[in-house]
Amino acid sequence: MLRCYVTDRRRANVETCARRAIARGIEMIQVREKDLKARDLLPLVRRIVEMARNTPTEVLVNDRLDVALAAEAHGVHLPANGLPIDAVRPLVRTVGVSTHTLEEALEAQQNGADFVAFGPVFETPGKRSVGVDRLKEVATAVSIPVLAIGGIDEERVPLVMEAGAAGYAAIRLFQDGM
């Protein structure tokens, strides 16, 4: 099962949560601090990359290839309408893509993504859910790993796994539940 901690420094201390996630063997950390300027994001990512050095945890930077490269992160996580995967692929080891529809997931797979995050599967503040049935449809249609995202808590993990997800990505589950 793939697990991805998605950071949110407004909710918790990201470095403390990243350290705990790495200690627990979480497979990926997506540094997703969209409002930070590159000069402020870079030192944070560098510290998390250093924490993860010599561990199985990969560090991805959300939508900021420049920061990922400068921090020597493992890869990037792109929005569905982000940079073209083929332009990013030669530069990083891992490329994930956020998707909300079957068509976006199929396109991400065709373009060479390593995995897709699909959701929000459940209701989250300000976002309507796509539902477990849509997750199952996507997980069945693509051959790359599908991570469920959106409203994932410990009670919902079995539901998304039964629907065919390869794992899950979450903010609150890792920040509040660790």
Side-chain angles (χ1 to χ4, degrees), residues 1-100 104-105 107-120 124 127 144-150 152 165-178:
M1 175 170 30
L2 293 172
R3 299 160 299 166
C4 180
Y5 161 44
V6 181
T7 70
D8 183 351
R9 73 183 195 293
R10 292 171 303 226
R11 295 185 50 84
N13 182 295
V14 167
E15 291 179 59
T16 299
C17 292
R19 193 171 289 108
R20 285 192 306 237
I22 293 164
R24 287 180 54 197
I26 300 300
E27 291 76 13
M28 289 182 279
I29 296 173
Q30 180 191 147
V31 183
R32 185 180 179 256
E33 304 299 331
K34 293 180 177 185
D35 63 322
L36 281 183
K37 294 179 180 167
R39 70 179 53 227
D40 298 320
L41 182 59
L42 178 60
L44 173 63
V45 175
R46 281 185 171 157
R47 289 191 298 272
I48 295 171
V49 166
E50 187 55 37
M51 283 181 221
R53 194 172 309 288
N54 300 318
T55 74
T57 303
E58 290 193 14
V59 179
L60 309 180
V61 181
N62 190 77
D63 199 26
R64 292 302 306 258
L65 177 62
D66 57 341
V67 173
L69 292 173
E72 298 179 15
H74 299 91
V76 292
H77 189 83
L78 302 171
N81 62 353
L83 290 169
I85 296 169
D86 63 346
V88 172
R89 170 59 58 209
L91 304 171
V92 294
R93 181 166 80 192
T94 304
V95 179
V97 177
S98 291
T99 61
H100 310 285
E104 288 176 349
E107 182 179 346
Q109 174 182 270
Q110 181 180 4
N111 291 333
D114 294 298
F115 70 93
V116 296
F118 180 78
T124 62
K127 294 182 182 178
I144 59 176
V146 176
L147 300 184
I149 190 166
I152 308 296
Y168 56 90
I171 297 172
R172 287 174 290 172
L173 175 64
F174 292 112
Q175 289 189 167
D176 299 345
M178 290 209 287

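For Thr55 against Ala52, the heavy-atom pair with the smallest separation is OG1-O, 2.6 Å. Shown here for Val59 and Ala73, the closest heavy-atom pair between the two residues is O-CB, 3.4 Å. Minimum heavy-atom separation, Ala12 to Cys17: CB-SG, 3.9 Å. The minimum heavy-atom distance between Cys4 and Phe174, with the atom names listed, is O-CE1, 3.2 Å. Between Ala169 and Ile152, the shortest heavy-atom distance links the atoms O-CG1, 3.9 Å. Across every non-hydrogen atom of Ala108 and Val116, the tightest pair is CB-CG1, 3.6 Å.
With a 4.5 Å cut-off on side-chain heavy atoms, Leu44 and Asp40 do not count as touching. In this structure, Ile29 and Met51 have side chains that are not in contact, with every pair of non-hydrogen atoms separated by 4.5 Å or more. At least one side-chain heavy atom of Tyr5 sits under 4.5 Å from a side-chain heavy atom of Val14. A 4.5 Å side-chain heavy-atom check between Asp86 and Asn111 finds every atom pair outside the cut-off.
Within 6.0 Å of atom CD in Glu15, more than 12 heavy atoms from other residues, nucleotides or ligands are found, so the atom counts as buried in its surroundings.
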Step by step, would you call Asn13 with Arg19 a side chain to side chain contact (heavy atoms under 4.5 Å, CB included)? CA-CA 10 Å; Asn13 182 295; Arg19 193 171 289 108; over 6 Å; no

Do Leu173 and Arg3 pass the side chain to side chain contact (heavy atoms under 4.5 Å, CB included) test, and can you show the C-alpha distance, the side-chain angles, and the key distance before you say yes or no? CA-CA 11 Å; Leu173 175 64; Arg3 299 160 299 166; over 6 Å; no

Under the salt bridge (Lys or Arg N to Asp or Glu O under 4.0 Å) criterion, do Glu50 and Arg53 qualify, and how do the steps go? CA-CA 5 Å; Glu50 187 55 37; Arg53 194 172 309 288; 2.9 Å; yes

Before giving the answer on salt bridge (Lys or Arg N to Asp or Glu O under 4.0 Å), spell out for Asp176 and Arg11 the whole-Å C-alpha distance, their side-chain angles and the decisive distance to 0.1 Å. CA-CA 9 Å; Asp176 299 345; Arg11 295 185 50 84; 2.6 Å; yes

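Remark: Glu104 CD to Asn81 CG distance equals 8.0 Å, nearest 0.5 Å. How far NZ of Lys34 is from CG of Leu41: 13.0 Å, rounded to the nearest 0.5 Å. His74 NE2 to Asp114 CG: the interatomic distance, rounded to the nearest 0.5 Å, is 12.5 Å. Summarising the geometry, atom CZ belonging to Arg172 is positioned 7.0 Å from atom OG1 belonging to Thr124; distances are rounded to the nearest 0.5 Å. Atom-to-atom distance recorded for Leu60:CG and Thr7:OG1 is 11.0 Å, nearest 0.5 angstrom. Once rounded to the nearest 0.5 Å, the distance linking CD1 of Ile48 with CD1 of Ile22 reads 7.5 Å.
Not one N or O on the side chain of Gln30 forms a donor-acceptor pair closer than 3.5 Å with the backbone of His77. Counting only distance, with no hydrogens or angles, the side chain of Thr57 and the backbone of Glu27 share no donor-acceptor pair below 3.5 Å.
Arg32 pairs in a side chain to side chain contact (heavy atoms under 4.5 Å, CB included) with only one of the listed residues (Val61, Asp8, Ile171), which is Ile171.
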